[in-house]
Amino acid sequence: MKTDLFINNEWRPALSGKRFPVVNPATEEVIADVAAGDAADIDNAVAAARGCFESAAWRDLSARKRGRLLTKAADLLESRLEEFARLETAHNGKTLFESKIELGMTVSTLRYYGGWADKITGETLPVEGPFFTYTLREPIGVVGAIVPWNFPLNIASWKFAPALAAGCTVVLKPASETPLTALAFAELVLEVGFPAGAFNVVPGGGTTAGAALVRHPDVDKISFTGSTEVGRHIMKLAADTNKRVTLELGGKSPNIIFADADLKAAVRGAQTGIFYGKGEVCAAGSRLLVERAVHDQVVAQLAEGAKKLTPGDPLDKNTRLGALVSKRQQETVLSYIQKGLDEGAQLVAGGKAVKPNGKGYYVEATVFDRVEPGMTIAREEIFGPVLAVLSFDDFDHGVKLANQTMYGLAAGIWTKDILKAQRAARAIRAGTVWINSYNSYDSGAPFGGFKASGFGRDLGREALDGYLETKTVWVGL
Ligand code: NAD
């Protein structure tokens, strides 16, 4: 596969000649050696994206044709879904089962925004006086997309698909751990026939390539998904050039089980909420809040379920818990498990690193009970398969605990009382609330955070707004 930088529809080595290894976290083997872009390469990529944005090749391409390019890319990706899913599993460690779901979502996102391209319209405005006044919706310009390693191609598509649909051009900086599917997608872009410079991929470090993209005066917008800490830093850096910024950041999402819930469904939802994607999911339901009356029953079922969820070869079609993305992430997760033990939480399942085939950075499905709100594992994002269970006495106490976090990305509510569910959904400060469900996504449903989980939205019609400027035109009559 191609492992150079993709700039202006060409494959180029980094100007510095530097490369970096990509490791398969399930086998610990180096599987690729990728060009490491830095500021000089970002300059070239931004120049290509700017050149394309200003060019007739892009400007004269009708919105419908732009949309058609996106839907063609969707068709091509769909026809190669298995190959892309295997690649996603190879650099990320997630199960093939999960990679196929992720790539299916990517296809759907490309199609969804392909459909939007020719439906972006302004308004006519009934102003006072002898004027005909209307708005135009125009593309922001060059977009820098900086993405994490947990859903590598899917989260990238949440940015580049609406950006391209809106008429922007894109420089994508994938995470250093997982640049391979973005590069493979660039091959599809060539095949589909996007004009040179519309879509560029520059793998490289966050503090080198990533920071250069944020600082670049010719980039109009940064769309970032990643940690809250890096998001804050990006916001400060972007201020110097008045860039528009969208931030999708971390979470510590509450998943609330009321005593009147369908407990079988709720326990299943709690498990997929934390163990899907090895818990390396921004919206993971990592704080399970259980009403005291059903606490013992729920915890017993959860512990039993977690013990059955053994980590294994992610390419095996029956595996449901893959390898963590890297040794570093495994160490981080293990250090949080140790903190949980040190601070007095009760470990009821998992807790250890394992190597199913003698290799790999795996951590068992882990459940801590008797977690108090002040404990580190109740407050900080772990980004691994570690669940913290807290108990609550009544509705108000449950909602109070749910909101007792600096984050506000998502929440789950399990109850058969639909009015209670609606009251809780209103009271919880989070960008997504799932009632009797968890981890449901759709290209048409906006996703993003309240509070320290960021601002702006990916997906849905709202994401398009992040790539558009509004121009008001006054015609004197
Ligand atoms: P990260 O913040 O370390 O890195 C994200 C991206 O930013 C990477 O491409 C990285 O190279 C780049 N980066 C790092 N430092 C940078 C800098 N100084 N300037 C510019 N770019 C820089 O995050 P991660 O470890 O890759 O991903 C995990 C985090 O992402 C978690 O906190 C998770 O919650 C969050 N996340 C959020 C969402 C969401 O939609 N809210 C989705 C997925 C992941």
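In each ligand, atom 1 is the first atom listed, and ligand 1 is the first ligand listed. If you're wondering where the values come from, they're calculated on a predicted model, not measured in any experiment.
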- prompt: Are any of the N/O atoms in T228 less than 3.5 Å from those in ligand 1?
  reply: no
message: Can you confirm whether some protein heavy atom lies under 4.0 Å from atom 32 (O) of ligand 1, or whether none does?
response: yes
- prompt: Polar-atom distance check: G206 versus ligand 1, any N or O pair below 3.5 Å?
  reply: yes
statement: Per-atom filter on ligand 1: closer than 4.0 angstrom to a heavy atom of I155 are 42 (C), 43 (C)
- request: Verify the neighbour count for atom CD of E331: are there more than 12 heavy atoms of other residues, nucleotides or ligands below 6.0 Å?
  value: yes
field: For atom 5 (C) of ligand 1, the option (of I234, V230, L237, T225) bearing the nearest heavy atom
entry: T225
- request: Among all protein heavy atoms, pick the one closest to atom 27 (O) of ligand 1 and tell me residue, atom and distance.
  value: P148 CB, 3.3 Å
message: Please list the nearest protein heavy atom to atom 10 (C) of ligand 1 with its residue and the distance rounded to 0.1 Å.
response: K173 NZ, 3.7 Å
- request: Hey, can you tell me if W116 and Y112 have their rings parallel, tilted or perpendicular (30° and 60° cut-offs)?
  value: perpendicular
- prompt: Which is closest to atom 38 (C) of ligand 1 by heavy-atom distance: C282, A284, P179?
  reply: C282
query: Just wondering, are more than 12 heavy atoms of other shown residues or ligands nearer than 6.0 Å to NZ in K2?
result: no
message: Applying the side-chain contact (heavy atoms from CB on, under 4.5 Å) criterion to I256, which one of L288, L401, L390, I428 satisfies it?
response: I428
message: If we check salt bridge (Lys or Arg N to Asp or Glu O under 4.0 Å) with K94, which of these qualifies: E280, E88, E102?
response: E102
message: Using a plain distance cutoff, I'd like to know if W149 has any nitrogen or oxygen under 3.5 Å from a nitrogen or oxygen of ligand 1.
response: yes
- request: Answer yes or no: are there more than 12 heavy-atom neighbours, outside K359 itself, under 6.0 Å from its atom NZ?
  value: no
- prompt: Please state which protein non-hydrogen atom is closest to atom 34 (O) of ligand 1 and give its distance, to 0.1 Å?
  reply: E381 OE2, 2.5 Å
query: Should E82 and K100 count as an ion pair when the cut-off is N to O under 4.0 Å?
result: yes
task: Hey, can you tell me if F199 and F160 have their rings parallel, tilted or perpendicular (30° and 60° cut-offs)?
output: perpendicular
task: May I ask you to check whether S227 has an N/O atom sitting below 3.5 Å from an N/O atom of ligand 1?
output: yes
message: If the contact criterion is a heavy-atom separation under 4.0 Å, does F224 count as touching ligand 1?
response: yes
task: Going by heavy-atom distance to atom 12 (C) of ligand 1, choose the closest among D458, I222, I146.
output: I146
